[in-house]
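If you read the sequence from its start, that first residue is 1, and numbering goes on from there. Just the heavy atoms: all of them, side chains too, but no hydrogens, waters or symmetry mates, feed the values below. Here the structure is a predicted model, which means the values were calculated and not measured.
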Amino acid sequence: MLIANPHRLGLETVAAALEPPPPIDYLTWAEQNIVFDEGQFAGPYSRELFPFWDAVLHALGPDDPSRFISVMASAQVGKTALATIFALGSMTESRGSVMFVHPTSDNAVRWSKMKLAPMMRSTAVVRAQFPQRANDSMASVLYKERRDGLARLLITGANSPASLSQVTIDNQVQDDVSKYEINAMGDPEAMADARSRAIADAKIFKISTPLIEPGCRITRNFRDGSQEMPYVPCPHCGTMQVLEWDNFLANLDPTNPDDAHFTCVACGAVVEEFHRPQMLAGFEWRAANPAAAREHRSFWIWSAYSYLQTWSQIAREWLKAKGDPASEKTFWNDALGKAYETRGDGRPWEELRDRAAKSDYAIGTVPKGARLLFLGVDCQLDRLEWVLIGFGESYRRYIVDCGTIGKHISEPDAQRNLDLLLARTWPNVFTRQIGISLAAIDAGYSADDVLSYCRRYGPHKVIAVRGVPGDAAPRIAQVQRERDEKRGTVLKYSRRFFNVGGNTLKWSLYKDLAKDDPAAPGYVSFPTGLPDRFFQELVSEQRVAVKRMGQIVWKWEKPDRQANEMLDATIYASAAAIKYGVNHISDQGWNKLRAERETYPPISSPLKPGEKRVHIASRLAR
């Protein structure tokens, strides 16, 4: 006796697989299913908290014709959670493959464990359809498959070319797209886009905080799309307007950041933070380039609209960052959601030379205001080039000295002279002798020799550094565990080897070199007596567009036969200062250093004939 008809069951299975899934309304799906189990707003997804995402979730659905959806936004507005909702909704309500691309494989693993896994556990419909056991063949950190086998999620890094090939993707998310770097196979963004070329109704969702312009990927995507801006009504007169940073800044009182507010562009009335719920209730997107919307919808929003950050926090972050170009860049990206525009070329070296000719201090002396000294050493095949920089309050820098040590760093003579340099002190205008607080030696070339030398000193005195490319690289970060290419053994760098984000430090320096007001934060002072080559090398490089693997990328280059050792040594000295923590010294700390180093030492009374000087401790002991 047959309990079931195998032929019928087979046909029903095939029919179920071939039947197109119902259209997904991502907004309704999020309201009905998404539950956040952690964070400031734990609980079900709320449209009232994130009204600006309604239109984006609609654009991600099949009813909107756009293929590309881009969101350029600041941090702390919920864009990664939004992308996760899109991925989970596609995985549970549709069929096929979803790909979530991160800048690196490490980023992918971190997101999968810290963001995706908690949301999968807290969302019942997802939990029911996807295995949660780590040893299940359908569940791993970077791969999730639905129980019926009809949907799957691939999680990868843009630095892994193999994972961006030989797959067809129905929907995808490109997270932090501004941080994607050209790899051995080409442009990872273009490679990811190509994975959905065969799917007519694919959705490609690109999200990121911007980085540096020119060359910012998410900024380019925003400009290519509909350029939709966030409009809210004035709580007093109802005029629709965008909350602009310039408006906020014009009303910012540095002595009272808690009073941060906007003013209406129409009636001039004060718009305060308690008005935000009323304004967000009338929120709407308005496109500056509506003709592009059919193919590409792009959105921009910043943290002033988000309940995840207060306006006083934004004000305090700006006041803390103001004056330091690298910190200003971070604020511009993370708080304002805008790319930070940089100088692509240095100031003419002759102008810097002429500034130095009028200086009030000479090379080899420490001027007033320079309270800590940092040494940067650039290693060459036949010599060491060094620059000594003094640092003071308000990100001020003072070039103090520079020089050359002959021979390679592995040579005993070079090491002996470098030892003498590290032990040396320089007089300041108060006759105090100031020593080096921290030295950074270039280990990008002859790393083993440099690290061997650095081990003579503690990591609080000398560190090894190497420049790393990329606009997203941090200014300084400890080198992680690496293996010897020949032996495969782990290299024991301890706490003395650091990667330096050369791109960031270079444009930060160039921006400060453009300042003419000696009282301006970040101003760079020069002594008299510096050779012309110092200035020529200091501004020797330019940020230029070059074609690589068929794509335009931005990189720093110098003219042929133009040396750049003084620039590199200056960058390393600046990295040493950042590692030391000069950007985080409080006003009280700077005042203490001023009292210790910028006061004249007491004048000792002359000895009488036959009198011996007795140490004060000996007198007290009597």
Side-chain angles (χ1 to χ4, degrees), residues 17 20-21 24 26 56 59-62 64-71 79-80 82-109 111-112 115-116 130 138-146 149-208 217-218 220-222 224-225 294-298 548-553:
I24 307 174
Y26 288 100
V56 180
L60 290 167
D64 190 290
S66 59
R67 181 179 183 83
F68 296 94
I69 299 92
S70 301
V71 173
K79 59 184 182 297
T80 299
L82 182 73
T84 307
I85 290 171
F86 171 59
L88 292 178
S90 300
M91 292 160 56
T92 56
E93 300 299 315
S94 186
R95 301 191 184 110
S97 299
V98 180
M99 184 169 68
F100 210 115
V101 186
H102 296 268
T104 67
S105 298
D106 288 342
N107 294 139
V109 170
W111 172 80
S112 180
K115 298 293 184 181
L116 178 65
F130 287 84
M138 294 189 295
S140 69
V141 173
L142 298 180
Y143 180 79
K144 313 289 181 183
E145 185 174 320
R146 207 163 69 191
L150 298 179
R152 63 210 60 84
L153 172 66
L154 291 79
I155 309 166
T156 186
N159 63 337
S160 175
S163 63
L164 298 177
S165 61
Q166 298 181 344
V167 290
T168 299
I169 301 298
D170 298 88
N171 290 316
Q172 60 174 283
V173 176
Q174 297 174 16
D175 191 18
D176 265 343
V177 69
S178 291
K179 296 180 180 179
Y180 291 7
E181 297 285 349
I182 298 290
N183 58 44
M185 299 294 291
D187 180 14
E189 183 183 2
M191 293 170 65
D193 290 349
R195 294 305 92 214
S196 300
R197 183 178 292 124
I199 308 298
D201 57 351
K203 295 288 183 175
I204 301 174
F205 189 25
K206 302 171 186 274
I207 61 172
S208 188
R217 290 181 183 271
I218 195 64
R220 183 194 68 230
N221 276 283
F222 176 75
D224 288 346
R294 184 170 183 82
E295 171 68 11
H296 189 166
R297 293 191 66 179
S298 60
R548 181 183 172 194
M549 306 293 288
Q551 301 293 326
I552 296 297
V553 297

>> Determine whether a donor-acceptor pair (N or O, by modelled atom type, separation under 3.5 Å) exists between the side chain of T104 and the backbone of G157.
In response: no
> Would you say the side chain of H102 lies within less than 4.5 Å of the side chain of I155, judging by non-hydrogen atoms?
Replying inline: yes
> Considering the options D106, N107, V101, which one meets the side chain to side chain contact (heavy atoms under 4.5 Å, CB included) requirement together with P103?
Replying inline: N107
>> One pair to check against side-chain contact (heavy atoms from CB on, under 4.5 Å): F205 and N171. What are the steps and the verdict?
In response: CA-CA 8 Å; F205 189 25; N171 290 316; over 6 Å; no
> To the nearest 0.5 Å, what is the distance between NE2 (H296) and CG (N221)?
Replying inline: 5.0 Å
>> For D64, give me all partners under salt bridge (charged side-chain N to carboxylate O under 4.0 Å, His left out), at least two apart in sequence or on another chain.
In response: R297
>> If you apply the rule salt bridge (charged side-chain N to carboxylate O under 4.0 Å, His left out), what do you find for R217 with D187, and how did you get there?
In response: CA-CA 11 Å; R217 290 181 183 271; D187 180 14; 2.8 Å; yes
> Does any N or O in the side chain of S298 come within less than 3.5 Å of the main-chain N or O of F222, such that one atom is a donor and the other an acceptor?
Replying inline: yes
> Taking atom CD1 of I69 and atom CG of L82, what is their separation to the nearest 0.5 Å?
Replying inline: 10.5 Å
> Is the side chain of R95 donor-acceptor paired with the backbone N or O of L150 at a distance under 3.5 Å, no angle test?
Replying inline: no
> Does the side chain of L88 reach to within under 4.5 Å of the side chain of K144, using non-hydrogen atoms?
Replying inline: no
> Is there side-chain contact between S105 and N159, with at least one heavy-atom pair below 4.5 Å?
Replying inline: yes
> Is there a side-chain contact between K79 and S208, using heavy atoms and a 4.5 Å cut-off?
Replying inline: no
>> Between R146 and M91 (side chain of the first, backbone of the second, donor and acceptor by atom type, cut-off under 3.5 Å), is there such a pair?
In response: yes
>> Donor-acceptor check, side chain of Q174 to backbone of A192, threshold 3.5 angstrom: yes or no?
In response: no
> Which residues pass the salt bridge (charged side-chain N to carboxylate O under 4.0 Å, His left out) test with D176, sequence neighbours left out?
Replying inline: K179
> Does W111 reach the side chain of T80, with side-chain heavy atoms less than 4.5 Å apart?
Replying inline: yes
>> So which atom in P65 and which in K203 form the shortest heavy-atom distance, rounded to 0.1 Å?
In response: C-NZ, 4.3 Å
>> I'd like to check S90 versus D170 (side-chain heavy atoms, cut-off strictly below 4.5 Å). Are they in contact?
In response: no
> Any side-chain heavy-atom pair from T92 and F130 closer than 4.5 angstrom?
Replying inline: yes
> If you look at every heavy atom in I24 and S94, which pair is closest and at what distance?
Replying inline: CD1-CB, 3.7 Å
> Looking only at heavy atoms, which two atoms of P188 and Y180 are closest? And how far apart?
Replying inline: CG-CB, 3.9 Å
> Taking only residues two or more places apart in sequence, or in another chain, which ones meet Y26 in a ring-ring contact (aromatic ring centres under 6.0 Å, His included)?
Replying inline: F86
>> Can you tell me how far apart CD1 (I199) and CD1 (I204) are? Round to the nearest 0.5 Å.
In response: 10.5 Å
> Does some side-chain heavy atom of E145 sit less than 4.5 Å from a side-chain heavy atom of Y143?
Replying inline: yes
> What is the minimum heavy-atom distance between T156 and S160, and which atoms define it?
Replying inline: OG1-CB, 4.2 Å
> How long is the gap from OG on S70 to CD1 on I218, to the nearest 0.5 Å?
Replying inline: 5.0 Å
>> Could you walk me through whether K206 and D193 satisfy the salt bridge (charged side-chain N to carboxylate O under 4.0 Å, His left out) test, starting with their C-alpha distance in whole Å, then the side-chain angles of each, then the deciding distance to 0.1 Å, before giving a yes or no?
In response: CA-CA 10 Å; K206 302 171 186 274; D193 290 349; 2.9 Å; yes
> For the atom pair CZ (F100) and CD1 (I169), what is the distance rounded to the nearest 0.5 Å?
Replying inline: 13.0 Å
